[in-house]
Amino acid sequence: PELKATGGKEQVPFLEDPNKNVKMYESKDILTHLYDHYGPGAQHIPYLMQEGILGTGSSRMATIFRSLPWHGLFQYKGDDATSLATLIPKKVDDTAHKVHPSHPAVPIPLRLYSFEASPYCRLVREALDSLEVPYTLHNVGVGSKKRDDFKKLAGKMMVPFIEDDNKGVKMFESKDIVEYLYKTY
């Protein structure tokens with residue numbers, strides 16, 4: 001309902017850029033806008049982010065995994081968070097993780113430091129989204145102005161990195177982060 005009220009239709013992706021007073025749909029248009037106004041220009045959009053077999057094809061391949069019986073890339077099984085990245089879950093049973101929508105017990109959104117192209121960061125984003133844990137995403141990819149600040153914060157350039165002020169937790173490593181998220185939330 002909020003998306004339809006804001007943009008006029010229920011379609012994603014949707015970008016609202018208050019700096020340029022722009023609202024738009026369509027991935028290609030959004031990428032062009034972002035690179036033209038906040039990056040080096042649309043001519044520098046990486047090939048893997050452009051339309052075509054490698055760009056949209058690789059994204060669609062990742063989406064295929066969500067339709068598998070493990071409810072996307074993750075499901076909590078006993079004491080282990082499992083991932084299709086290994087293709088063989090550690091435990092298989094019929095016990096699904098109970099998701100707690102909107103997590104009223106999470107007063108401070110978690111912070112995830114990531115960059116879009118990393119498959120390890122994607123695993124963490126998938127877990128956060130699947131669990132509906134509120135978080136703020138900080139992109140620190142190559143060329144990001146936030147990269148140096150992140151290095152000072154974390155002590156090294158390695159992603160994914162998560163901060164959970166609710167529990168006083170800071171950690172690297174996608175496997176450890178995902179396990180923590182499923183055990184905690």
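Given the structure is predicted, the values throughout are model-derived calculations rather than measurements. Heads up: numbering here begins at 1 and tracks the sequence.
The environment of Asn21 atom CG is sparse: at most 12 non-hydrogen atoms of other residues, nucleotides or ligands sit within 6.0 angstrom. Enclosure of atom CZ in Phe172 by more than 12 non-hydrogen atoms of other residues, nucleotides or ligands within 6.0 angstrom is indicated.
Side-chain contact between Tyr180 and Val169 is present, with heavy atoms from C-beta onward closer than 4.5 Å. Looking at heavy atoms from C-beta onward, Ser144 lies out of side-chain contact with Asn139 at the 4.5 angstrom threshold. Using a 4.5 Å heavy-atom threshold, the side chains of Leu15 and Val22 count as separate. Residues Leu110 and Asn166 meet the side-chain proximity criterion, which asks for heavy atoms closer than 4.5 Å. Inter-residue side-chain proximity for His33 and Lys20 is flagged as met; some heavy-atom pair is nearer than 4.5 Å. Between Tyr35 and Pro40, the closest side-chain pair of non-hydrogen atoms falls below 4.5 Å. Between Met171 and Asp164, every side-chain heavy-atom pair lies at or beyond the 4.5 Å cut-off. Side-chain contact between Val178 and Tyr120: absent, with no pair of heavy atoms (C-beta onward) separated by less than 4.5 Å.
Between Tyr113 and His138, the ring-plane angle classifies as parallel under the 30° and 60° cut-offs. Ring geometry for Tyr25 against Phe14 counts as tilted: the plane angle lies between 30° and 60°, on a 0 to 90° scale. Taking the six-membered ring for Trp and thresholds of 30 and 60 degrees, Phe150 and Phe161 have ring planes more than 60 degrees apart, a perpendicular arrangement.
Of all heavy-atom pairs spanning Cys121 and Pro160, the tightest one is SG-N, 3.7 Å.
By the 6.0 Å and 45° rule, Lys145 does not stack over the aromatic ring of Tyr38.
The pair Glu163-Lys170 counts as a salt bridge, with a side-chain nitrogen and a carboxylate oxygen less than 4.0 angstrom apart.
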